[in-house]
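Comments concern the structure below.
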Amino acid sequence: MYIMLDTSKSSVGQSGDFVTIIDERSGKKFRLAIMRGTMGSPVVDISRLQSEMGLYTYDPGYGMTGSCSSDITFIDGEKGVLMHRGYDIGELAEQSDYLEVCYLLLNGELPARAEKESFTATIKYHTMLHDQMQYFFRGFRRDAHPMAVMVAVVGALSAFYHDSLDIQDEGQRKLASYRMIAKMPTIAAQVYKYTIGQPFVSPRNDLGYVENFLNMTFSVPAEGYRLRPAVIRALERIFILHADHEQNASTSTVRLAGSSGANPFACIAAGISSLWGPAHGGANEAVLNMLEEMQSASRVGEFIARAKDKQDPFRLMGFGHRVYKNYDPRATVLRSSMREVLSELGVEREPLFELALELEKIALQDKYFVERKLFPNVDYYSGILLRAMGFPRSMFTVLFALARTVGWVAQWREMVEDPLQRIGRPRQLYLGSPPRAFVPLDDR
Ligand code: CMC
């Protein structure tokens, strides 16, 4: 069996080129269409491979599989490029704000002034949680990890908002999207308050999205929270950088859960569960743990040696990416603004940042990391910044989930509205026992 490129039709378009598969034993040939997107690598359409050739593909981790078509986000991993709806992430982080990026991801265009005002008002309208939900929190232990509480509370939204569960109804789909974007900061702040034993603070619709979240998180009834422009801007930027990232593990989880027709709140809860793992969104917390354990630059060599040792499960957290084989552009934005933001936050010297820079410098010169194209990813610097803003590390992944909600929702809506959408159902390469006769218990 081999695959060859058929150059007989080489016109570039949405399709037009083919690869031909030839079964060497039977001589049977089958042409697979090559599909071309607006940008990025072409893909081979294998949808008829089974019916024509009796074959499935084998791709553990889906590294070579395009599971859907999408108009939302584009990544060029070799060049370190990330774009939402054609806009570069660096420009969005510098010049836009989070709700504008939300609108862009959901609707495909940047909003005009009136559209932005109306969208902002809609999101603000939905910031409160059903009053009954406060009792839901009380079932958890106070020392629960905030992600454990968040997964449950977001899943429970489907028990409270019955008028936005019908996924066939466009109006209900939109309502569910707005509710999730609006309620996520309230949930995240309440999760935090619950775990530290402070009363919940209600949302304030006279504040912006990020300001409201900061106020709900850090103010107490006895004392207000001083909103500092530097903190607001830095968090806004972090939210923008995390808003969407193509078909990553949590987004694919949301799509897969949603492909069965499950309600949107349940799908987002599934995405949050996937994000929690240390190989994905949990890495920001793990980076800080790693840097604190390292303590000083004198131990960088020891940690690098451990990361290279195949007998040791330890990995350099915040390093490497399935798609980026270059500097993660989100890490570039964070790294370049780090000193300025830390100084605006009143932190003139952050030893963990200096340590992170030293570790990065040494890793990027090391043959192991160079050969495997392992660069810092978004999680490498975000934790240091969040810590300087006053967030405990157990909240880092919660903040990632808050910001990523819009991406999950936009991707979920795109999937539901895709006429080619079918239930997600991968196949397998079976390596178990061949057929055998059942042995009664007494004979085993
Ligand atoms: N430290 C040491 N070695 C690494 C690392 C690392 N951080 N990342 C990858 N490698 C090695 C890996 O051992 C393998 O080596 P070899 O070819 O000798 O077997 C090679 O590089 C390729 O790695 P892989 O595991 O096949 O790559 P992957 O695409 O399956 O995994 C990853 C990607 C992000 C899970 C992985 O790089 C990793 O575990 N990084 C640390 C965790 C982390 O920072 N995660 C955040 C990801 S970005 C934000 C997000 O998406 O949430």
Side-chain angles (χ1 to χ4, degrees), residues 59-65 73 75 77-78 80-82 84 89 147 238-255 270-291 293-294 300-335 356 359-386 393 395-408 411:
D59 183 19
Y62 309 126
M64 293 293 149
T65 299
T73 292
I75 300 175
E78 290 298 325
V81 169
L82 167 61
H84 297 316
I89 190 66
M147 283 297 279
I238 287 184
F239 282 3
I240 293 172
L241 293 176
H242 288 84
D244 190 47
H245 209 232
E246 206 225 59
Q247 308 310 320
N248 56 85
S250 57
T251 303
S252 296
T253 303
V254 170
R255 280 185 178 257
I272 296 172
S273 306
S274 169
L275 185 78
W276 193 359
H280 194 3
N284 52 16
E285 194 179 334
V287 170
L288 222 63
N289 291 339
M290 175 185 77
L291 291 173
E293 193 193 335
M294 197 180 297
V300 165
E302 178 195 327
F303 277 69
I304 295 224
R306 279 190 64 196
K308 290 161 38 174
D309 179 358
K310 295 292 171 202
Q311 307 308 317
D312 188 334
F314 173 78
R315 284 187 165 198
L316 220 49
M317 299 315 288
F319 256 78
H321 198 276
R322 172 62 61 80
V323 183
Y324 294 120
K325 300 303 163 203
N326 203 325
Y327 220 102
D328 178 338
R330 302 166 298 173
T332 309
V333 173
L334 283 178
R335 188 185 193 273
L359 176 61
E360 176 191 322
K361 194 175 93 190
I362 296 178
L364 293 184
Q365 288 165 359
D366 191 292
K367 198 166 154 242
Y368 174 96
F369 290 87
V370 173
E371 277 175 356
R372 289 168 180 76
K373 300 186 179 172
L374 301 172
F375 291 85
N377 58 53
V378 68
D379 289 316
Y380 193 63
Y381 289 112
S382 62
I384 298 172
L385 213 46
L386 290 172
R393 77 191 60 175
M395 281 293 288
F396 292 176
T397 314
V398 167
L399 294 177
F400 193 154
L402 187 173
R404 179 56 58 85
T405 295
V406 66
W408 291 329
Q411 300 267 354

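In each ligand, atom 1 is the first atom listed, and ligand 1 is the first ligand listed. Side chains included, hydrogens not; waters and symmetry mates left out as well; all remaining heavy atoms used. What you are looking at is a predicted structure, and each value in this text was computed from that prediction instead of being measured.
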Fill in: Validation row: Y380, R335 side chains within 4.5 angstrom (heavy atoms)
no

Worksheet item: Quick check: does G318 get an N/O under 3.5 Å from an N/O on ligand 1?
Response: yes

Worksheet item: Hey, is atom 22 (C) of ligand 1 touched by any protein heavy atom at less than 4.0 Å?
Response: no

Discussion item. Quick check: do V370 and Q365 have side-chain heavy atoms less than 4.5 Å from each other?
Written reply: no

Item to complete: Might you check, step by step, whether the distance between atom 37 (O) of ligand 1 and some protein heavy atom is under 4.0 Å?
Response: yes

Worksheet entry | contact_flag Y368 ligand 1 heavy-atom lt 4.0 Å | yes

Worksheet item: Is any N or O atom of F319, backbone or side chain, closer than 3.5 Å to an N or O atom of ligand 1?
Response: yes

Worksheet item: Parallel, tilted or perpendicular for F375 and Y327, by the 30°/60° rule?
Response: tilted

Item to complete: Give the residue, atom name and distance (to 0.1 Å) of the protein heavy atom nearest atom 17 (O) of ligand 1.
Response: R372 NE, 3.7 Å

Discussion item. Between S250 and S274 (side chain of the first, backbone of the second, donor and acceptor by atom type, cut-off under 3.5 Å), is there such a pair?
Written reply: no

Worksheet item: Short N/O distance, under 3.5 Å, between R322 and ligand 1?
Response: yes

Practice prompt. Indicate yes or no for a side-chain donor-acceptor contact from R404 to the backbone of H242 under 3.5 Å, with no hydrogens or angles considered.
Written response: yes

Worksheet item: Closest heavy-atom contact between A401 and W408?
Response: O-CZ3, 3.7 Å

Item to complete: Please say whether A279 places an N or O atom under 3.5 Å from an N or O atom belonging to ligand 1.
Response: yes

Item to complete: Around atom 34 (C) of ligand 1, find the nearest protein heavy atom and jot down its residue, atom name and distance.
Response: G320 O, 3.6 Å

Worksheet item: For F400, is the nearest heavy atom under 4.0 Å from an atom of ligand 1?
Response: yes

Item to complete: Ignoring hydrogens, just give me the one of H242, R315, H245, E371 whose non-hydrogen atom is nearest atom 31 (O) of ligand 1.
Response: R315

Discussion item. At under 4.0 Å between heavy atoms, is it the side chain or the backbone of N248 that contacts ligand 1, or both, or neither?
Written reply: neither

Worksheet item: Between M317 and D379, is any pair of side-chain heavy atoms under 4.5 Å apart?
Response: no

Discussion item. Among all the protein's non-hydrogen atoms, which is closest to atom 7 (N) of ligand 1, and how far away is it?
Written reply: L316 O, 2.7 Å

Discussion item. Heavy atom to atom 52 (O) of ligand 1, shortest distance: which of M317, K310, H280 holds it?
Written reply: H280

Item to complete: Looking only at non-hydrogen atoms, find the nearest pair between L386 and I238 and report the distance.
Response: CD2-CD1, 3.8 Å

Worksheet, complete the sentence: Between E246 and T73, the two heavy atoms sitting closest are N-CG2, 3.6 Å

Worksheet entry | Atom indices of ligand 1, in the order listed, that fall short of 4.0 Å to a heavy atom of G281 | 52 (O)

Discussion item. Ring-plane angle category for H245 and Y324, please: parallel below 30°, perpendicular beyond 60°, tilted otherwise.
Written reply: tilted

Worksheet entry | Residue, atom name and distance, where the atom is the protein heavy atom closest to atom 49 (C) of ligand 1 | D379 OD2, 3.0 Å

Worksheet item: Numbering the atoms of ligand 1 from 1, which are under 4.0 Å from a heavy atom of A283?
Response: 43 (C), 44 (O), 45 (N), 46 (C)

Worksheet entry | Least distance between heavy atoms, A307 atom then F369 atom | CB-CZ, 4.1 Å

Worksheet item: When you measure from atom 10 (N) of ligand 1 to each heavy atom in V323, D312, T397, L374, which option holds the nearest one?
Response: L374

Discussion item. Within the structure, is a non-hydrogen atom of P278 found at a distance of less than 4.0 Å from ligand 1?
Written reply: yes

Practice prompt. Output yes when a side-chain donor or acceptor of R255 lies under 3.5 Å from a complementary backbone atom of T251, and no otherwise.
Written response: no

